[in-house]
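These notes are about the structure you will find just below.
Hydrogens, waters and symmetry mates play no part in the numbers below; they use all other heavy atoms, side chains included.
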Amino acid sequence: MLYRWLVTGTWLLLALMVLPVQAAPQDGTERGDVRLAIDVSGSMKDNDPDNLRASGVRLMVDLLPDNVRAGLWTFGQQVANPLAMEAVNDQWRQRALSVLPQLTRYEQFTDLESALNLATQDVTSDGRTHLIVLTDGMVDVPAISDKPAQDRASRERIIETLAPDLAERHVVIHTIALSRNADIDLMRDISQQTGGLASVAEDSRALLRSFLDVLNQVAPRQQLPLEDGRFQVDDQVREFTALIFHDRDEGPVTLISPTGERLSIESPGAASRWRHDDRYELITVPEPAAGQWRIDGPVGAGSRILIDSKLQLRSGKIPATLYEHFDLPLEVWLEGQPDQDDASAQRPAVDAVLRGANGEITSARLPHEADGRYRGRLEHINQTGNAELALQAQGDAFARLLTRSVNVVPAIDAALSSDQAYITLSAAHPRLTRDNTRINAQLLGETLKVTPVAESRWRVTLPDTLPEESVSVELTATVALDDRIHDVPLPPVVLNREAATSLSGARLDRDTISSEKMASRQDDDEEEQRWSLQRLWQLAQDNWPAARAQAIQWMQDPRAWWVAAVLVLLCLLLAFRRRRLRRQRPRHRRDPSV
């Protein structure tokens, strides 16, 4: 009977240990705040060897306005909060800079799910919270056994449960994927679900630009057009901040005013602030002289002139995600424009330009309407990827620029089943449904059967016998939306049993391994390593960080200590009972053999 109680107590302890430890919620409700979650897994050391993420955080610290609250989290094997949520001011900025060295305390694993949970645990549905996530890897959680399955389960919880919950609580997640090794599909998915921007930095040099793109979503600023290192300041500008990117060890930067005064870091003159970083200069000039200013020195891509002015260019809501082959309606207006006494004065012209990595995608001049606003549409959006939307108003004596970073994605995603029996199509565009969208699929000129399987999902049935060579399934969609008919070409899906298949049709030419060969190889490997002490030692080393993390988590739970105390008591009682029974057991005398 006592043995049964001991077994029951053991199972109770295990059940309590696997329950998540809930941290005490912080007091207060966050409204309109900004939170950063930075990956500190070991791979970041290779993908960002110059630690440009620290420069990116420093840039955001400098540019965040004083009227928001902000904080910083790091995540790898564990989640830490070295910079608590507080109002942004000079003291907060100093504290933020002091925690930057912690970004190089590398850890094993990439527990993104825990980072999202802990960085938003005190967020309610009041106000709007921006969470900026920087990572370079895949979901990689600490686990003692069946790690691939636990990684997949964590990823699915993020997509299916956590992201929708955060969206309902008005948390906007902006993601920065550093390198193509990151789970870009996951980053895009959670950003789209929450209305955020998904940015991809191909390398560490593009990381600062990604930080700035996200910051422009969180705290957009008015700008002046910057061309060939020159910008025109009008008498409405109260202050400007020149953000000038450059490579490390490039020549000095000098600002030249309309009067010819030369401002430098050694002699800042009218500049009230001049922050020098290895990758950028941040120069603030209050009450600047009107006229043309010049930048003498390197002016890298992404450099801009941010201003404080009563005259501002405003726009209606611009989504962070645009859809390929779908128009973008725009509404723009000017605020604080002085009254024009001269009736012959020309009305400012407003242009919209969408630029991608390879240059301009599309542009339009927005017509002026009777209510004083400019309305129009951007058409022919036929490239996917990260892009920048620039809205510029040009008057006789002034210019204003407003930029927004966006993602352009296919309106419908496609996924090929592992057995190549069917293709699943899912609408990424939120307004596409089975009622207004018709899918057409063709393979070598033959029309394939397409069946709606959900409100915004379709299935394309593939033939039982597929060609031996690599072939593509051509996909198109006909959409009836807003009293218009859209013919939308979709990226083809490539069929080939010798190559991986993706939405874009890209082939990853790799030698395939049959399941029988793989199983046989695994059996041989297991037989060779089953009794290998070296293999056991390697397994112990691999699992030690996960086991240690789990043990620390258990030790922080007071329930585990109570149950452990009960188990110790039960073990003592069992040992006492066994000893007592051994003493009471009759001893049998055995006569010696003759």
Side-chain angles (χ1 to χ4, degrees), residues 20-23 34-48 53 56-57 71-83 102-123 129-144 146-169 171-201 207 210-211 214 320 407 545-546 549-550 552-553:
V21 179
Q22 300 293 334
V34 180
R35 301 166 185 233
L36 282 76
I38 307 297
D39 185 350
V40 292
S41 59
S43 57
M44 292 290 286
K45 185 176 182 179
D46 297 324
N47 286 324
D48 184 19
R53 58 193 176 279
V57 174
L72 172 68
W73 281 257
T74 61
F75 66 97
Q77 177 179 322
Q78 300 176 353
V79 181
N81 181 206
L83 185 63
Q102 298 190 33
L103 299 182
T104 55
R105 295 178 183 175
Y106 300 109
E107 300 179 6
Q108 195 174 0
F109 303 111
T110 308
D111 194 350
L112 177 61
E113 181 184 9
S114 294
L116 295 176
N117 274 317
L118 293 177
T120 60
Q121 64 179 348
D122 60 332
V123 174
T129 295
H130 293 272
L131 174 60
I132 302 167
V133 178
L134 168 65
T135 182
D136 72 334
M138 317 286 283
V139 172
D140 182 17
V141 298
I144 296 177
D146 201 3
K147 188 175 183 329
Q150 296 199 38
D151 289 342
R152 289 192 300 269
S154 178
R155 187 181 190 276
E156 291 174 1
R157 286 193 298 270
I158 292 173
I159 295 174
E160 299 175 3
T161 305
L162 186 52
D165 174 66
L166 293 176
E168 290 183 0
R169 292 158 57 192
V171 176
V172 180
I173 302 177
H174 308 279
T175 59
I176 301 175
L178 178 56
S179 87
R180 290 286 173 178
N181 295 327
D183 191 342
I184 296 175
D185 289 337
L186 174 62
M187 298 296 101
R188 191 189 77 171
D189 199 324
I190 61 179
S191 291
Q192 281 187 243
Q193 287 195 57
T194 59
L197 177 70
S199 180
V200 179
L207 185 56
S210 294
F211 268 106
V214 171
N407 304 124
Q550 189 69 65
I552 292 174
Q553 188 180 39

Checklist outcome for this item: Heavy atoms of F75 and T135 approach each other most closely as CZ-CB, 4.2 Å
Next on the checklist: M187 and side-chain contact (heavy atoms from CB on, under 4.5 Å): which single residue from I173, V200, I176, T175 fits?
Outcome noted: T175
Next on the checklist: A side-chain contact here means heavy atoms from C-beta on lying under 4.5 Å apart; do V57 and L134 qualify?
Outcome noted: no
Item to check | Check: L186 and I190 side chains under 4.5 Å, non-hydrogen atoms | outcome: yes
Checklist entry - Taking E107 for the side chain and Q78 for the main chain, is one N or O donor matched with an acceptor at less than 3.5 Å? => result yes
Checklist entry - Are side-chain heavy atoms of T129 and T120 found at a separation under 4.5 Å? => result no
Next on the checklist: Could you check whether any side-chain N or O of D48 sits under 3.5 Å from a backbone N or O of R53, counting only pairs where one atom can act as donor and the other as acceptor?
Outcome noted: yes
Item to check | For the student: nearest non-hydrogen atoms of V40 and G76, plus distance | outcome: CG2-N, 4.1 Å
Checklist entry - At what distance, to the nearest 0.5 angstrom, does CG of L162 lie from CG of L116? => result 5.0 Å
Checklist entry - Of all residues at least two apart in sequence or in a different chain, which pass the side chain to side chain donor-acceptor pair (under 3.5 Å) check with S179? => result none
Item to check | Donor-acceptor pair between D140 and T110 side chains, under 3.5 angstrom | outcome: no
Item to check | side chain to side chain donor-acceptor pair (under 3.5 Å) between Q121 and N117, worked out | outcome: CA-CA 6 Å; Q121 64 179 348; N117 274 317; over 6 Å; no
Item to check | Check: V171 and T194 side chains under 4.5 Å, non-hydrogen atoms | outcome: no
Next on the checklist: The criterion is side chain to side chain donor-acceptor pair (under 3.5 Å); which residues satisfy it with K45, sequence neighbours excluded?
Outcome noted: none
Item to check | Residue pairs involving residues 156-165 (criterion salt bridge (charged side-chain N to carboxylate O under 4.0 Å, His left out); sequence neighbours excluded) | outcome: E113-R157, D165-R169
Item to check | Exam field: side chain H174 to backbone L197, donor-acceptor pair closer than 3.5 Å | outcome: yes
Checklist entry - Which pair of heavy atoms, one from Y106 and one from G42, lies closest together, and at what distance? => result CB-CA, 4.0 Å
Checklist entry - So, are R35 and D122 salt-bridged, with charged N and O less than 4.0 Å apart? => result yes
Checklist outcome for this item: When every non-hydrogen atom of F211 is compared with those of I38, the smallest separation belongs to CZ-CD1, 4.5 Å
Next on the checklist: I need the minimum non-hydrogen distance between S199 and S210, along with the two atoms involved.
Outcome noted: OG-OG, 3.0 Å
Checklist entry - Does D136 reach the side chain of N181, with side-chain heavy atoms less than 4.5 Å apart? => result no
Item to check | Interatomic spacing from CD in Q77 to OG in S114 - rounded to 0.5 Å | outcome: 11.0 Å
Checklist entry - Taking all non-hydrogen atoms of both residues, which atom of L72 and which atom of P82 are closest, and how far apart? => result O-CD, 3.4 Å
